[in-house]
Amino acid sequence: MAALKTPLIAPSVLSADFSRMADEVAAVENAGADWLHLDVMDGHFVPNLSMGPQLIKALRPKSKLPFDVHLMIAPVDPYIEAFAKAGADHIHLHVEAGPHTHRSLQHVRDHGVKPGIAICPATPPEAVGEVLDLVDMILVMTVNPGFGGQKFLTSQLRKIETLRRMADATGRDIRIGVDGGITAQTAPLAVAAGADVLIAGTSVYGQDDYAAAISNLRIGAHNPA
Ligand code: DX5
Ligand code: ZN
């Protein structure tokens, strides 16, 4: 089932030049990005380290884009307030990050931030079924989280289709984001399966012309395979 909404493009700054981060954020905003995706890694839940609330807070006044914060950390609860105060508009936490994601998602909402549930490739779609009433978005990992530049896992397309059906069945407005290996070639597959937010690191920040890169993703998304 295809998504009904126009897919949004959310560049991931994980692939940006960290020495010029404010410029890199402004550049994708000017190039037509809809949201900015910020990947937080703790070296424990995922085998890499990236950024914390300090950088997100410093970037907040530099951009009008909604900040889409993807927490790849465990535990998550002690840090929700810091990311909310830093200026996150959305906080995605992983269903695999602990036993009490239901409570964690409520904490996110209590801080006035839109909650999202992220799901790793090895986790079945049913794992998020009991929290769909709490979330505004499902973030489907189409690579194993931790690094940019990995290959899109086509095995996740069926899961996106299942999650789209589950999300629609709630009668609530739930977006489905796809994160990892999104290119002009893979975006149409994800959109045809039901995704309506495309997160893209390498295929935006790895290109010379960010506006062309974003527009290529949009064109592909509007012409599902
Ligand atoms: C991976 C991150 C992604 C990453 C995607 O763990 O969650 O957001 O930046 O990078 P690409 O688009 O290069 O696969
Ligand atoms: Zn991410």
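We count ligands from 1, going down the list as the structure has it; atoms in each ligand are counted the same way.
- Across all non-hydrogen atoms, the minimal contact from Leu163 to Ile176 is C-CD1, 3.6 Å.
- For a threshold of 3.5 Å applied to N or O pairs, the pair formed by Asn144 and ligand 1 contains no separation below that value.
- A salt bridge does not link Arg103 to Asp110: none of the charged side-chain nitrogens sits closer than 4.0 Å to a carboxylate oxygen.
- For atom 10 (O) of ligand 1, the nearest protein heavy atom (residue, atom name, distance) is Gly148 CA, 3.5 Å.
- Contact annotation: Phe152 has no heavy atom less than 4.0 Å from any atom of ligand 1.
- The aromatic rings of His37 and His70 lie tilted to each other, with the angle between the two planes from 30° to 60°.
- Ser63 and Glu29 are linked by a side-chain donor-acceptor pair at a separation below 3.5 angstrom, with hydrogens and angles left out of the test.
- Atom numbering of ligand 1 starts at 1 in the shown order; those under 4.0 Å from a heavy atom of His37 are 8 (O).
- Within the listing of ligand 1, atoms 6 (O), 7 (O) sit less than 4.0 angstrom from a heavy atom of Met72.
- The protein heavy-atom contact nearest to atom 14 (O) of ligand 1 is Gly181 N, 2.8 Å.
- For a distance bound of 2.8 Å, the N, O or S atoms of His92 include none lying that close to the Zn ion (ligand 2).
- With ligand atoms numbered from 1 in the order given, ligand 1 contributes 1 (C), 6 (O) to contacts under 4.0 Å with heavy atoms of Phe147.
- At the shortest separation from atom 9 (O) of ligand 1 among protein heavy atoms lies Ser12 OG, 2.8 Å.
- Contact annotation: Ala200 has at least one heavy atom less than 4.0 Å from an atom of ligand 1.
- In this structure, CZ in Phe67 is found 12.5 Å from CD1 in Ile91, a value given to the nearest 0.5 Å.
- Donor-acceptor pairing under 3.5 Å is lacking for the side chains of His90 and Asp136.
- Remark: ligand 1 and Leu14 share no N or O pair separated by less than 3.5 Å (distance only, no angle test).
- Taking the Zn ion (ligand 2) as reference, His70 places its N/O/S atom ND1 nearest.
- Within Asp179, the N, O or S atom lying nearest to the Zn ion (ligand 2) carries the name OD2.
- Taking atom 12 (O) of ligand 1 as the reference point, the nearest protein heavy-atom neighbour is Gly201 N, 2.8 Å.
- Using cut-offs of 30° and 60° on the angle between ring planes, the pair Tyr205 and Tyr210 is perpendicular.
- Under the 4.5 Å side-chain criterion, counting only non-hydrogen atoms from C-beta, Ile119 is not in contact with Met141.
- Here the side chain of Gln207 pairs no donor or acceptor atom with the backbone of Ala212 at under 3.5 angstrom.
- Within Asp39, the N, O or S atom at minimum distance from the Zn ion (ligand 2) carries the name OD1.
- Of the candidates Ile199, Ile160, Val143, Thr186, Ile160 is the only one forming a side-chain contact (heavy atoms from CB on, under 4.5 Å) with Val178.
- Ligand 1 has a nitrogen or oxygen under 3.5 angstrom from a nitrogen or oxygen of Gly149.
- Counting only heavy atoms of the protein, atom 6 (O) of ligand 1 lies nearest to Gly146 N, 2.7 Å.
- Salt-bridge annotation for Asp34 and Arg218: present, with a side-chain N of the basic residue lying under 4.0 Å from a carboxylate O of the acidic one.
- Remark: the backbone N or O of Leu71 is not paired with any side-chain donor or acceptor of Asp39 at under 3.5 angstrom.
- Those atoms of ligand 1 with a heavy atom of Gly180 less than 4.0 angstrom away are 14 (O).
- Ion pair Arg20/Asp17 flagged as a salt bridge, since at least one NZ, NE, NH1 or NH2 atom sits closer than 4.0 Å to an Asp/Glu carboxylate oxygen.
- Only the side chain of Asp39 comes within contact range of ligand 1, with a heavy atom under 4.0 Å; no backbone atom does.
- Interface atoms of ligand 1 facing Asp179, defined by a heavy-atom separation under 4.0 Å, are 2 (C), 3 (C), 4 (C), 5 (C), 7 (O), 8 (O).
- For ligand 1, the atoms sitting less than 4.0 Å from at least one non-hydrogen atom of His70 are 7 (O), numbered in the order shown with element in parentheses.
- In terms of polar-atom proximity, Ser203 is not counted as a contact of ligand 1, lacking any N or O under 3.5 Å from an N or O of the ligand.
- Residue contact check: Met141 has heavy atoms under 4.0 Å from atoms 7 (O) of ligand 1.
- In this structure, CG in Asn48 is found 4.5 Å from CZ in Phe147, a value given to the nearest 0.5 Å.
- Ligand 1 places these atoms under 4.0 Å from at least one heavy atom of Thr202: 11 (P), 12 (O), 13 (O).
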